[in-house]
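The block underneath contains the structure these notes are about, expressed in structure tokens.
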Amino acid sequence: LVTELEKKTGYQLERDKKTGVVTIKEGKRKTGKGISDSLAKILKKVTDKTAKVDGKEKEFTVTLNTVKNSESIFIDSFQTKQIDVSDLTAISDVKDDKGMGDGGAFLAGQLGHVLEESFQAETTFKDLEAFGRGSKGLLFKAGHNEGLVAESRVLSDFTGQSEEPRKENNTGTAAAFTYTSVRYTVLFNGANDQTVNIISRRPIPKQ
């Protein structure tokens with residue numbers, strides 16, 4: 001996870017082996033192809049110690065625990081604060097029907113979504129946690145909406161187009177993520193196994 005964040009943001013990161021806390025090292029951030037300025041901005045505020053909420057600086061902590069090959073998680077679980085690194089590997093360079101990879105665009109977008117969603121849940125919408133973290137709750141819906149916007153901005157850094165927040169269709173065994181210029185399709189191992197089996201992408205012709 002830390003390695004992918006370094007690649008996609010241009011920051012050099014340091015993870016404390018005892019606490020798991022990730023911080024940004026001092027020095028100039030890399031820029032250029034394959035790096036998202038939007039994702040870098042999100043990561044910067046997530047790793048800060050305080051954030052302005054209702055006009056006041058407040059301390060906060062974003063917690064994400066890594067798991068591998070979880071059958072119940074596709075990319076992340078907001079409820080349990082977990083992220084599946086096996087899924088991150090599976091979506092790291094999604095190919096089209098010509099075998100051309102996306103350079104980590106989908107991966108970067110999903111990381112942006114997870115980080116922004118988690119940040120908002122711990123800052124702007126923290127008071128909603130009193131009503132629970134369920135997928136139908138106010139906290140998740142508020143954070144998720146902010147995550148969708150962040151995701152589209154990060155993806156735009158890679159596609160060079162202004163991507164609208166995704167439209168998602170999930171049947172349980174497959175999911176389609178449709179943006180302005182591209183559609184990603186994921187086939188899972190089964191309805192009760194959200195491990196990625198196949199993922200592909202297809203460009204959407206301009207209207």
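- With contacts defined as side-chain heavy-atom distances shorter than 4.5 Å, the pair Thr185/Ile199 does not qualify.
- In this structure the side chain of Leu148 reaches within 4.5 angstrom of the side chain of Arg166, judged on heavy atoms.
- The CD atom of Glu164 sits 5.0 Å away from the OG1 atom of Thr180 when rounded to the nearest 0.5 Å.
- Taking hydrophobic clusters as Ile, Leu, Val, Met, Phe, Trp and Tyr residues chained together by side-chain heavy-atom distances below 4.5 Å, Ile24 shares a cluster with Phe60.
- Within 6.0 Å of CD in Glu59 there are 12 or fewer heavy atoms belonging to other residues, nucleotides or ligands.
- Within a 6.0 Å radius of CG in Asp54, no more than 12 heavy atoms belonging to other residues, nucleotides or ligands are found.
- By the 6.0 Å contact criterion, CZ on Arg183 is open, its count of non-hydrogen atoms from other residues, nucleotides or ligands being 12 or less.
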**OP:** Show the numbers, then the answer: is there a side chain to side chain donor-acceptor pair (under 3.5 Å) between Asn69 and Ser86?
**Re:** CA-CA 6 Å; Asn69 298 313; Ser86 299; 3.2 Å; yes
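- Scanning both residues, Ser118 and Leu64, for their nearest heavy atoms gives OG-CD2, 4.0 Å.
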**OP:** Would you please test Leu13 and Leu43 for side-chain contact (heavy atoms from CB on, under 4.5 Å) and show each step?
**Re:** CA-CA 10 Å; Leu13 305 176; Leu43 181 61; 4.0 Å; yes
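- Residue pairs meeting the ring-ring contact (aromatic ring centres under 6.0 Å, His included) criterion with at least one member in residues 184-207, sequence neighbours excluded, are Phe74-Phe188, Phe106-Tyr184.
- Side-chain contact check for Gln194 versus Ile73: every heavy-atom pair is 4.5 Å or farther apart.
- Other residues, nucleotides and ligands contribute more than 12 heavy atoms inside 6.0 Å of the CG atom of Asp16.
- Residues Leu1 and Val196 are members of one and the same hydrophobic cluster, defined by side-chain heavy-atom contacts under 4.5 angstrom among Ile, Leu, Val, Met, Phe, Trp and Tyr.
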**OP:** Decide yes or no on side-chain contact (heavy atoms from CB on, under 4.5 Å) for Asp84 and Thr195, but give the supporting numbers first.
**Re:** CA-CA 9 Å; Asp84 193 326; Thr195 307; 5.9 Å; no
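- Atom CG of Leu138 sits about 10.5 Å away from atom CZ of Phe125, to the nearest 0.5 Å.
- Between Lys81 and Glu122 there is a salt bridge, since a side-chain N of the basic residue sits under 4.0 Å from a carboxylate O of the acidic one.
- More than 12 heavy atoms of other residues, nucleotides or ligands shown are found within 6.0 angstrom of NZ on Lys25.
- Results of the side-chain contact (heavy atoms from CB on, under 4.5 Å) test with Phe119 over Thr47, Val46, Val114, Asp48 single out Val46 as the only residue that passes.
- At a threshold of 4.5 Å between side-chain heavy atoms, the hydrophobic network of Ile, Leu, Val, Met, Phe, Trp and Tyr places Ile42 and Ile35 in two separate groups.
- Within the 4.5 Å cutoff, side-chain heavy atoms of Phe158 are placed close to those of Lys8.
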Subject >> Trace of the side-chain contact (heavy atoms from CB on, under 4.5 Å) decision for Glu117 with Asp76 >> reply: CA-CA 11 Å; Glu117 181 178 78; Asp76 81 300; 3.7 Å; yes
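- Put simply, Leu39 and Val62 are part of the same group of oily side chains (I, L, V, M, F, W, Y) that touch within less than 4.5 Å, one to the next.
- Under a hydrophobic clustering in which Ile, Leu, Val, Met, Phe, Trp and Tyr are joined whenever their side-chain heavy atoms come within less than 4.5 Å, directly or via other members, Phe131 and Phe140 fall into the same cluster.
- A donor-acceptor pair shorter than 3.5 Å can be found between the side chains of Gln110 and Glu151.
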Original post:
Passes side chain to side chain donor-acceptor pair (under 3.5 Å), Glu163 versus Ser181? Steps please.
Top reply: CA-CA 7 Å; Glu163 302 289 346; Ser181 71; 2.5 Å; yes
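- Using a cut-off of 4.0 Å between Lys/Arg side-chain N and Asp/Glu carboxylate O, Glu6 and Lys30 are scored as not salt-bridged.
- Atoms OG1 and NZ, from Thr9 and Lys41 in turn, are 13.5 Å apart once rounded to the nearest 0.5 Å.
- For the pair Glu26/Gln12, no side-chain contact is recorded, criterion being any heavy-atom separation below 4.5 Å from C-beta on.
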**OP:** Show the numbers, then the answer: is there a side-chain contact (heavy atoms from CB on, under 4.5 Å) between Lys58 and Lys126?
**Re:** CA-CA 11 Å; Lys58 294 186 178 181; Lys126 182 66 174 178; over 6 Å; no
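- Put simply, the side chain of Leu5 reaches to within 4.5 Å of the side chain of Leu115, judged on heavy atoms.
- In this structure, OG on Ser92 lies 11.5 Å from CG on Asp87, to the nearest 0.5 angstrom.
- Taking the side chain as every heavy atom from C-beta outward, Val2 and Val22 approach each other to under 4.5 Å.
- In this structure, Ala51 and Thr123 approach most closely via the heavy-atom pair CB-CG2, 3.8 Å.
- Nearest heavy-atom pair across Leu128 and Ala142 is CD1-CB, 4.2 Å.
- Without hydrogens or angle criteria, Arg201 side chain to Val94 main chain gives a donor-acceptor distance under 3.5 Å.
- Judged by distance alone, the side chain of Asp93 and the main-chain N or O of Asp102 form a donor-acceptor pair under 3.5 Å.
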Subject >> salt bridge (charged side-chain N to carboxylate O under 4.0 Å, His left out) between Asp37 and Arg29, intermediate numbers included >> reply: CA-CA 10 Å; Asp37 292 340; Arg29 182 176 72 89; 2.9 Å; yes
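- Lys56 NZ to Thr50 OG1: the interatomic distance, rounded to the nearest 0.5 Å, is 14.5 Å.
- Proximity of Ile83 to Asn65: side-chain heavy atoms (C-beta onward) are nowhere separated by under 4.5 Å.
- Here the CD atom belonging to Glu116 is positioned 10.5 Å from the OG atom belonging to Ser38, to the nearest 0.5 angstrom.
- Closest approach of Gly112 and Val154 over heavy atoms only: CA-CG2, 4.3 Å.
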